[in-house]
Amino acid sequence: MPEAALHVGSGKVRELYALDDERLLLVASDRISTFDVVLPTEIPHKGRVLTGLSAFWFARTRHICANHLLALRADGRSTECRRLEMLPIECVVRGYLSGSGWKDYTASGTVCGHALPSGLVESSQLPEPIFTPATKAATGHDENIDRDAAAELVGAELFADVERVSLALYGFAAAHARERGIIIADTKFEFGLDGGTLVLGDEALTPDSSRFWPADEYRPGGPQPSFDKQFARDYCESLGWDKTEPGPELPEDVVTGTRARYVEAFERLTEIDFDAYLADPEVVLR
Ligand code: Q0Z
């Protein structure tokens with residue numbers, strides 16, 4: 001547990017502590033959310049899978065952008081991070097049309113001011129990845145904004161930097177994942193400033209901050225199965241649950257199947273045995 005660390009924030013499935021003036025401790029729990037509701041049943045090791053994946057990407061994208069990772073702790077679920085002044089926008093990159101991007105396209109033919117070709121269907125691959133910033137809503141859902149609104153929030157120069165860097169990070173990770181059978185349909189980055197330097201923060205390129213789809217099941221024209229959460233979602237749907245709090249308990253076979261999918265995503269993307277990660281988390285940094 002964090003030694004003399006002040007709790008400074010809670011996400012749906014993560015906790016944030018202050019270590020000192022310069023450093024934060026980010027701890028990923030084994031909680032899982034479906035349809036935006038945190039379920040009462042945990043997925044063993046889920047927090048370690050996400051922490052290990054995020055650290056793996058941080059280690060492999062230093063040539064694109066500096067990041068906040070200072071140390072990965074031996075528990076495999078806690079990272080010491082440099083404290084940043086976070087930018088007030090979510091930096092989303094979409095390579096495929098899904099979620100709010102698909103919804104906005106059906107309503108207007110555009111996503112965050114990007115005019116897209118007609119005739120795209122749900123989950124279509126886009127002609128090229130697009131940067132689709134969103135505001136950070138204190139409660140409820142983030143709102144997509146166009147580039148002018150985003151540039152207003154962070155300044156034109158910084159906007160150009162986060163757009164370029166976000167597209168480069170996505171391009172690198174999506175190509176790596178696609179060669180290993182995983183489509184990263186979209187992903188959300190959060191950046192901050194350290195002095196004047198742009199630094200990638202938060203978690204990056206995990207199944208909680210991205211849509212991971214199994215490439216061998218990709219069929220545009222409808223929603224795609226989630227690489228990690230589909231068993232849990234299907235089980236919840238089978239109950240006829242109304243998707244309000246409290247969520248249902250997951251049975252053992254759904255927990256086991258879901259855990260196996262998280263571990264499979266980790267092993268495919270990192271090419272590292274998950275048991276080797278548990279024994280020594282720093283394997284993902286080498
Ligand atoms: C991340 C969040 C979580 C609740 C603040 N390096 C950083 N410097 C300053 N602030 C943050 C970071 Cl990562 C920061 N969040 C998101 C994470 C629990 C909220 F684990 N909020």
Side-chain angles (χ1 to χ4, degrees), residues 1-33 36-39 42-43 45-62 64-93 133-143 150 153-155 158 161-162 165-166 169 173 186-210 228 245 262 281 284-285:
M1 267 304 284
E3 67 302 332
L6 273 182
H7 187 241
V8 294
S10 283
K12 277 210 295 274
V13 303
R14 296 179 302 153
E15 305 296 334
L16 194 57
Y17 301 86
L19 291 172
D20 55 41
D21 288 352
E22 280 100 47
R23 297 178 308 142
L24 298 174
L25 188 72
L26 201 55
V27 184
S29 75
D30 290 338
R31 296 193 294 273
I32 184 171
S33 66
D36 277 328
V37 173
V38 176
L39 302 181
E42 297 193 330
I43 305 300
H45 293 312
K46 173 178 176 280
R48 293 188 173 91
V49 167
L50 269 63
T51 298
L53 263 181
S54 208
F56 169 82
W57 293 119
F58 284 142
R60 275 153 190 80
T61 58
R62 288 187 203 288
I64 301 172
C65 184
N67 62 68
H68 73 163
L69 179 65
L70 295 172
L72 178 55
R73 290 202 169 174
D75 66 6
R77 65 169 75 249
S78 310
T79 52
E80 297 174 13
C81 307
R82 188 179 308 283
R83 197 193 280 250
L84 309 172
E85 291 175 63
M86 300 306 288
L87 303 186
I89 57 170
E90 311 270 18
C91 294
V92 178
V93 180
T135 56
K136 295 183 188 184
T139 65
H141 279 112
D142 300 335
E143 190 189 336
L153 284 169
V154 301
L158 203 46
D161 284 345
V162 295
V165 170
S166 296
L169 289 167
D186 53 39
T187 197
K188 178 188 80 180
F189 300 111
E190 297 206 30
F191 293 92
L193 293 175
D194 178 31
T197 305
L198 184 67
V199 179
L200 177 61
D202 208 63
E203 65 180 328
L205 297 156
T206 70
D208 278 7
S209 66
S210 321
D228 46 296
E245 306 270 1
Y262 277 103
V284 295
L285 304 179

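Counting convention: from 1, in listed order, for ligands and their atoms alike.
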**OP:** Check ligand 1 against Leu24 and write out every atom of the ligand that is under 4.0 Å from a heavy-atom position of the residue.
**Re:** 7 (C), 8 (N), 9 (C), 10 (N), 11 (C), 12 (C)
Original post:
Can you tell me which residue and heavy atom of the protein come closest to atom 1 (C) of ligand 1, and the distance to 0.1 Å?
Top reply: Asp202 OD1, 3.6 Å
Subject >> Within-4.5 Å side-chain heavy-atom neighbours: Leu53 and Leu205 >> reply: no
**OP:** Around atom 20 (F) of ligand 1, find the nearest protein heavy atom and jot down its residue, atom name and distance.
**Re:** Leu26 CD1, 2.9 Å
Original post:
In ligand 1, which numbered atoms sit nearer than 4.0 Å to a non-hydrogen atom of Glu15?
Top reply: 20 (F)
Subject >> N or O contact, Leu84 vs ligand 1, cut-off under 3.5 Å >> reply: yes
Original post:
To which protein heavy atom is atom 18 (C) of ligand 1 closest, and what is the distance rounded to 0.1 Å?
Top reply: Gly11 N, 3.3 Å
**OP:** May I ask you to list the atoms of ligand 1 that are less than 4.0 angstrom from any heavy atom of Arg83?
**Re:** 8 (N)
Original post:
Is any N or O atom of Arg14, backbone or side chain, closer than 3.5 Å to an N or O atom of ligand 1?
Top reply: no
Original post:
In the protein, which heavy atom is nearest to atom 14 (C) of ligand 1, and how far is it?
Top reply: Leu16 CD2, 3.8 Å
Subject >> Min side-chain heavy-atom separation Leu169-Thr187 under 4.5 Å >> reply: no
**OP:** Give a yes or no on whether the backbone of Thr197 and the side-chain of Asp194 come within a donor-acceptor separation of less than 3.5 Å.
**Re:** no
Original post:
Do any nitrogen or oxygen atoms of His68 come within less than 3.5 Å of a nitrogen or oxygen of ligand 1?
Top reply: yes
**OP:** Output all residues satisfying ring pair (Phe, Tyr, Trp, His ring centres under 6.0 Å) with Tyr262, sequence neighbours left out; order by chain, then residue number.
**Re:** none
Subject >> Minimal non-hydrogen separation, Ser54 against Asp202, with atom names >> reply: OG-O, 4.4 Å
Subject >> Sub-4.5 Å side-chain heavy-atom contact between Val199 and Arg82 >> reply: no
**OP:** Check whether any heavy atom of Ser10 sits under 4.0 Å from an atom of ligand 1.
**Re:** yes
Subject >> Taking atom 6 (N) of ligand 1 as the reference point, the nearest protein heavy atom with its distance >> reply: Arg82 O, 2.8 Å
Subject >> Contact check, side chains of Ser78 and Tyr17, non-hydrogen atoms, under 4.5 Å >> reply: no
Original post:
Is Asp30 salt-bridged to Arg77, cutoff N-O under 4.0 Å?
Top reply: yes
Original post:
Which ligand 1 atoms are under 4.0 Å away from a heavy-atom of Met86?
Top reply: 7 (C), 8 (N), 9 (C), 10 (N), 11 (C), 12 (C)
Original post:
Is any side-chain heavy atom of Glu22 closer than 4.5 Å to a side-chain heavy atom of Leu70?
Top reply: no
